[in-house]
Amino acid sequence: MQTEIHVYGDPLDPRGWVTEPALRALDAALGDADWRFHPTVLVPDWAAYDGPEFPGGKGSVAAVCSRVSEESGMPIDEFLWFDDPPATSAPACRGVVAAAEQGAEAERRFLRAAREATFLRRTNLDTESAVVDLAASVPGVDADGFADDVADAAVPDPDASVLDVTGVDAAGDRPALPTVVVRGDEGERGVSGWADFDELAHVVQAATGSAPPSPSLTVAEALDRYSAAGWLAPAELTALTGESYDDAADEARADDDVVERSFASEPFFRAADYVADEEPDATDEPAGDGAEGTPGAEASGQRDAPVE
């Protein structure tokens with residue numbers, strides 16, 4: 001059977017954000033796998049939240065962000081959770097559902113944009129209007145269609161059977177986030193929480209009978225493949241290429257077709273074709289509602305329709 005990879009996550013989950021390097025590496029290693037993202041509401045509201053992701057509830061989110069960022073190497077600006085903490089993650093999840101109505105690529109781009117907005121630019125996505133404003137800035141997403149769809153979007157509850165998969169941790173009637181489940185010829189296996197590539201590869205081997213190869217893209221190939229969805233951190237380039245943080249960053253800087261920006265006090269890189277001319281040098285200042293410079297807002301098309 002074709003290998004299926006099911007990812008259960010929430011755009012506002014910091015552990016989902018820091019798992020992106022490993023997920024992108026697995027995507028590069030398993031080009032023919034069938035990927036499916038299942039938006040799963042992490043915080044209906046803080047009074048109703050009861051999960052393992054934030055042991056101290058709302059007051060612990062900033063500390064969790066800081067810890068998982070340090071452990072993973074993925075930058076996070078945790079000050080959103082001091083300055084303007086989201087009251088719920090449901091609107092952002094509904095945004096993923098609405099984007100998916102336009103296809104897998106639109107879903108992927110919106111999800112990445114929502115994560116970049118949350119963890120790099122202190123953008124609060126806890127209202128439908130904020131989600132619609134973000135979608136209007138994401139290339140490949142029809143803003144008018146999105147606005148219509150998000151108003152009626154409903155986030156389906158996860159299939160209860162996922163909680164019976166070996167390796168999946170339960171958080172009430174949902175899996176702990178993020179959760180990755182792999183289905184293959186040998187059955188299905190899962191892992192919950194932040195996972196690196198080796199952990200995901202072990203799950204793939206258990207489910208399919210064979211371990212995926214380590215990805216071996218060049219820095220240029222990694223940027224070409226993933227820039228349409230947003231900016232790449234050195235931690236992602238390292239996961240995709242096997243190069244060290246410094247070597248990957250230096251190689252990206254040496255490419256005249258690559259733009260560097262700073263988010264959360266760390267460098268990020270993106271193929272120049274996807275960066276609008278008016279994109280300002282990014283700082284650590286939060287972007288306002290609909291402001292230019294929000295990660296995910298700078299690109300304006302596919303590779304065959306570059307920014308003019």
Side-chain angles (χ1 to χ4, degrees), residues 9 11 13-29 64-80 108-109 111-123 178 194-201 212-275 279-287 293-299:
D13 175 22
R15 299 197 301 179
W17 166 248
V18 303
T19 301
E20 293 239 318
L23 289 173
R24 285 185 157 180
L26 192 63
D27 174 66
V64 171
C65 287
S66 180
R67 175 175 56 81
V68 298
S69 175
E70 182 177 357
E71 291 175 350
S72 67
M74 278 295 279
I76 293 178
D77 184 341
E78 71 271 21
F79 282 91
L80 169 66
R108 184 174 70 93
R109 293 187 184 197
L111 175 61
R112 178 69 182 204
R115 284 176 164 163
E116 290 186 358
T118 299
F119 297 110
L120 301 183
R121 297 304 297 269
R122 309 180 206 170
T123 303
W194 171 53
D196 61 19
F197 178 78
D198 288 341
E199 290 174 291
L200 294 182
S214 296
S216 58
L217 300 180
T218 66
V219 168
E221 288 170 340
L223 287 161
D224 182 77
R225 181 164 178 169
Y226 294 102
S227 283
W231 296 85
L232 279 82
E236 294 175 293
L237 294 177
T238 294
L240 289 163
T241 66
E243 297 189 22
S244 70
Y245 179 106
D246 289 337
D247 287 347
D250 288 345
E251 190 172 336
R253 291 187 181 108
D255 190 334
D256 292 338
D257 294 325
V258 172
V259 175
E260 177 179 353
R261 293 287 185 263
S262 176
F263 301 110
S265 301
E266 293 289 340
F268 279 74
F269 302 94
R270 195 173 191 179
D273 283 357
Y274 296 104
V275 182
E279 154 74 12
D281 286 344
T283 69
D284 289 326
E285 294 299 319
T294 299
E298 303 83 357

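The residues of the chain are indexed from 1 along the displayed sequence.
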Q.
Using side-chain contact (heavy atoms from CB on, under 4.5 Å), reason through Glu236 and Trp231 one step at a time and then give a plain yes or no.
A. CA-CA 10 Å; Glu236 294 175 293; Trp231 296 85; over 6 Å; no

Q: Please test Asp27 against Arg24 for salt bridge (Lys or Arg N to Asp or Glu O under 4.0 Å), starting from the C-alpha separation and ending with a verdict.
A: CA-CA 5 Å; Asp27 174 66; Arg24 285 185 157 180; over 6 Å; no

Q) Which heavy atom in Phe197 sits nearest to a heavy atom in Pro212, and how many Å separate them? A) CZ-CG, 4.3 Å

Q: Specify the closest pair of heavy atoms between Ala252 and Leu237, including all atoms of both residues, with the distance to one decimal.
A: CB-CD1, 4.3 Å

Q: Could you check Val18 against Glu71 for side-chain contact (heavy atoms from CB on, under 4.5 Å), going step by step and ending with a plain yes or no?
A: CA-CA 9 Å; Val18 303; Glu71 291 175 350; over 6 Å; no

Q: Looking only at non-hydrogen atoms, find the nearest pair between Arg112 and Leu232 and report the distance.
A: NH2-CA, 4.4 Å

Q. OH of Tyr245: more than 12 outside heavy atoms within 6.0 angstrom?
A. yes

Q: Grab the two heavy atoms, one from Arg109 and one from Ala228, that are nearest each other, plus how far apart they are.
A: NH2-CB, 3.4 Å

Q: Please tell me if the side chains of Pro178 and Asp13 come closer than 4.5 Å, counting only heavy atoms from C-beta onward.
A: yes

Q) In terms of side-chain geometry, is the basic nitrogen of Arg121 or Glu116 positioned less than 4.0 Å from the acidic oxygen of its partner? A) no

Q: Kindly indicate, with the supporting measurements, whether the criterion side-chain contact (heavy atoms from CB on, under 4.5 Å) is fulfilled by Asp196 and Leu200.
A: CA-CA 6 Å; Asp196 61 19; Leu200 294 182; over 6 Å; no

Q) Mind checking what makes ring pair (Phe, Tyr, Trp, His ring centres under 6.0 Å) contact with Phe268, not counting sequence neighbours? A) Phe263

Q) Which pair of non-hydrogen atoms, one from Ala195 and one from Ala22, has the smallest distance, and what is that distance? A) O-CB, 3.4 Å

**Q.** Side chain to side chain, Trp17 and Leu120, heavy atoms closer than 4.5 Å
**A.** yes

Q.
Using the rule given for side-chain contact (heavy atoms from CB on, under 4.5 Å), can you reason through Phe119 versus Ile76, listing the C-alpha separation, both sets of side-chain angles and the distance that settles it, and then say yes or no?
A. CA-CA 5 Å; Phe119 297 110; Ile76 293 178; 3.9 Å; yes

**Q.** Side-chain heavy-atom pair Pro14, Trp194 within 4.5 angstrom cut-off
**A.** no

(Q) Are the side chains of Glu243 and Glu251 in contact, using a 4.5 Å heavy-atom criterion? (A) yes

Q. Are any of the side-chain heavy atoms of Pro267 and Pro234 separated by less than 4.5 Å?
A. yes

Q) Quick one: CG on Asp273 to CG on Leu223, what's the gap to the nearest 0.5 Å? A) 11.5 Å

Q | salt bridge (Lys or Arg N to Asp or Glu O under 4.0 Å) partners of Arg115, counting only residues at least two apart | A | Glu20

